[in-house]
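A short worksheet on the structure shown next.
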Amino acid sequence: MNDSPGRTPPGPSPSDEQGNGVPAQSAPADDQAVRTEEPAPRAEEAAPASQWAREQPPGASGPPLRGPPPAPRRPTRARAESNAGPTGPYGPGQGAWGGNHWAPTPPAPQPGVIPLRPLGVGEILEGSFGTLRRHWRTALGISLAVAVATQAVTTVVTGVWFRDNPGFEYLDNPASATPGETLDAIGESLPGTGVTALVSLLGSIIATALLTVVVSRAVLGRSTSVADAWRSARPQMLRLSGLLFLLPALIVGVFGVAVAPGLLISAAGAKAVGVGVALFGSLAGMAGAAWLWIQFSLAAPALMLERQGVLASLRRSAKLVRGSWWRIFGVQLLAVFLVFVVATVIGIPVGIIEMIFTGESATSGTIGWSTLIISGVAAVISTTLMAPITAGVTALLYLDQRIRRESLDVELAQAASK
């Protein structure tokens, strides 16, 4: 028998019931399937709902009144799957059966800077800029303090160590220097380069730790102060330092291993072959370094937000990146491009100011203190603006991968409602 909505339920006809009291036989199933042209009763002809519950009057003859019509059957699994769409079992903007129209799909909750669902590239960038826009006091305060401290040390070391050392002239024109003079200049520059690299790395550790905490709370719609961010990030500082020391060492090591055969062949006397092998090795080394960079790019937020160790955070990042390497590479490359654009936009007027007020530029052979100070101010402005953006992109990529793989959006929505 067919109980589809809109069909009159099968039952005995009045003539059969009043004639001989024998109920009429229902049509076979095949016949019912063919008889689809029977029109459904119109709404104004159908009996009201109260009629189905009315009792038989005393002493009345005739058959008893029938009960309520059978409820319409739910759609089968095959039909539901045929209507399945990307945002629900009935497609975007569609609801369940039972109404005269499809109910729209409710939007994802957004307690903070991003909606709690899988994110697009534009939403990740918008979330990063939104964090800077909504929580600019904390974000800019952190990045400004770190940028001023690191750039001040870099400027002083460059001015004292490099500016007045005549041995470094060989690095400007290596073709006119002997191999021994070049090696001596490189050896003399290593301490100053090491100091500036160490200070920059420490600044990056502090900025990454604090800004990751700021972004994670901005996702929940909560603001935080610099002191709160420091209290939350301080227990993980030592581990984050180990992580950010290990990652550059891995990348440089992979590049060095790829270039080493060509250098050894050149040192053995076969310079032409050695140059070709070194060139090919440098390309392979850059590819390997880029792969490692993306593979472990989510280790820092995993370490900060999940309170994991160095090696555990590396494994966690590799697990989250698996299957999405090219997507994450594209987003990170876009963030690097934005940093480059901002640095270029700031650097053009800075170069003009240097030429006007000092008559020299940072690219000239002699660099004065005025040029170093102006260049340092430009670097501080660029770092202050872009550090929250790059940290925000990395943190939101981490959250997006967990939403896609682990339904983190459910936990975030529950945490935001508390």
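The structure presented is a predicted model; accordingly, all values stated were derived computationally and were not measured. Just so you know, residue 1 is the first one in the sequence shown, and it goes up from there.
Remark: A416 pairs with P111, L220 by the side chain to side chain contact (heavy atoms under 4.5 Å, CB included) rule, at least two apart or across chains. Partners of R234 according to the salt bridge (charged side-chain N to carboxylate O under 4.0 Å, His left out) rule, which considers only residues two or more places apart in sequence or in another chain, do not exist here. F255 is linked by a ring-ring contact (aromatic ring centres under 6.0 Å, His included) to nothing, counting only residues two or more places apart in sequence or in another chain. Applying the side chain to side chain contact (heavy atoms under 4.5 Å, CB included) test to S223 and every residue at least two apart in sequence or in another chain returns H135. Under the side chain to side chain contact (heavy atoms under 4.5 Å, CB included) criterion, V277 pairs with P261, I265, V273, not counting sequence neighbours.
A distance-only check finds a donor-acceptor pair linking the side chain of S143 to the backbone of L140 [under 3.5 Å]. With hydrogens and angles ignored, the 3.5 Å screen pairs no side-chain donor or acceptor of S204 with any backbone N or O of L201. Side-chain N or O atoms of T212 include none that pairs as donor or acceptor with a backbone N or O of A391 at under 3.5 Å.
Proximity of T150 to L202: side-chain heavy atoms (C-beta onward) are nowhere separated by under 4.5 Å. Q332 places none of its side-chain heavy atoms less than 4.5 Å from the side chain of V336. With a 4.5 Å cut-off on side-chain heavy atoms, D409 and S407 count as touching. Under the 4.5 Å side-chain criterion, counting only non-hydrogen atoms from C-beta, V195 is not in contact with L198. Side-chain contact between T390 and T208 is absent, with no heavy atoms from C-beta onward closer than 4.5 Å. Looking only at side-chain heavy atoms (C-beta outward), R405 and S324 come within less than 4.5 Å of each other. Side-chain contact between I389 and V342 is absent, with no heavy-atom pair separated by less than 4.5 Å.
Taking each heavy atom of L263 and A278 in turn, the nearest pair found is N-CB, 4.5 Å. For the pair A413 and P109, the tightest heavy-atom approach, listed with the atom from each and the gap, is CB-CG, 4.5 Å. Closest heavy-atom contact between T138 and T224: OG1-O, 2.6 Å. Nearest heavy atom pair, residue S297 against residue I328, reads OG-CG2, 4.0 Å. Across every non-hydrogen atom of Q401 and L298, the tightest pair is CG-CD1, 4.1 Å. In this structure, A233 and V213 approach most closely via the heavy-atom pair CB-CG2, 4.1 Å.
I206 contributes atom CD1, which lies 11.0 Å from atom CG of L244 (distance to the nearest 0.5 angstrom). Atom CD of Q308 and atom CG of L243 lie 11.5 Å apart (nearest 0.5 Å). A distance of 12.5 Å separates CD1 in I352 from CD1 in I374, rounded to the nearest 0.5 Å. The distance from atom CG of L338 to atom CG of L333, rounded to the nearest 0.5 Å, is 10.0 Å. Interatomic distance, I205 CD1 to F245 CZ, rounded to the nearest 0.5 Å: 5.0 Å. Within the model, atoms CG of L279 and OG of S282 stand 4.5 Å from one another, a figure rounded to the nearest 0.5 Å.
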Kindly indicate, with the supporting measurements, whether the criterion side chain to side chain contact (heavy atoms under 4.5 Å, CB included) is fulfilled by V199 and V157.
CA-CA 11 Å; V199 171; V157 170; over 6 Å; no
Assess the residue pair L396 and L399 against the criterion (side chain to side chain contact (heavy atoms under 4.5 Å, CB included)); give the C-alpha distance rounded to whole Å, side-chain angles, the decisive distance to 0.1 Å, and a yes or no.
CA-CA 5 Å; L396 292 179; L399 295 175; 4.2 Å; yes
Give the C-alpha distance, both sets of side-chain angles, the deciding distance and a yes or no for side chain to side chain contact (heavy atoms under 4.5 Å, CB included) between L320 and E406.
CA-CA 10 Å; L320 292 174; E406 303 170 0; 4.1 Å; yes
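Under the salt bridge (Lys or Arg N to Asp or Glu O under 4.0 Å) criterion, the residue pairs touching residues 280-307 are E306-R316, E306-R402, with sequence neighbours excluded. Within the structure, the salt bridge (Lys or Arg N to Asp or Glu O under 4.0 Å) test picks out the following pairs touching residues 321-331 (sequence neighbours left out): R327-D400. Within the structure, the salt bridge (Lys or Arg N to Asp or Glu O under 4.0 Å) test picks out no pair touching residues 249-264 (sequence neighbours left out). Applying the salt bridge (Lys or Arg N to Asp or Glu O under 4.0 Å) rule to pairs touching residues 204-228 yields D228-R231, sequence neighbours excluded. Identified under the side-chain hydrogen bond (donor to acceptor under 3.5 Å, both in side chains) test for residues 249-266, with sequence neighbours left out: none.
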Atom pairs and distances, donor-acceptor, side-chain atoms in residues 380-388, under 3.5 Å, two or more places apart:
from: T383; atom 1: OG1; to: A379; atom 2: O; distance (Å): 2.8
from: T384; atom 1: OG1; to: V380; atom 2: O; distance (Å): 2.7

Result block: side-chain N/O donor-acceptor pairs under 3.5 angstrom for residues 112-130, not counting sequence neighbours:
from: R117; atom 1: NH1; to: E123; atom 2: OE1; distance (Å): 3.2
from: R117; atom 1: NH1; to: E123; atom 2: OE2; distance (Å): 3.2
from: R117; atom 1: NH2; to: E123; atom 2: OE2; distance (Å): 2.5
from: E123; atom 1: OE1; to: G120; atom 2: N; distance (Å): 2.9
from: E126; atom 1: OE2; to: R133; atom 2: NH2; distance (Å): 3.0
from: S128; atom 1: OG; to: I124; atom 2: O; distance (Å): 3.1
from: S128; atom 1: OG; to: V393; atom 2: N; distance (Å): 3.1

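Ring-plane geometry between F329 and W326 is classed as perpendicular, the angle between the planes exceeding 60 degrees on a 0 to 90 degree scale with a lower cut at 30.
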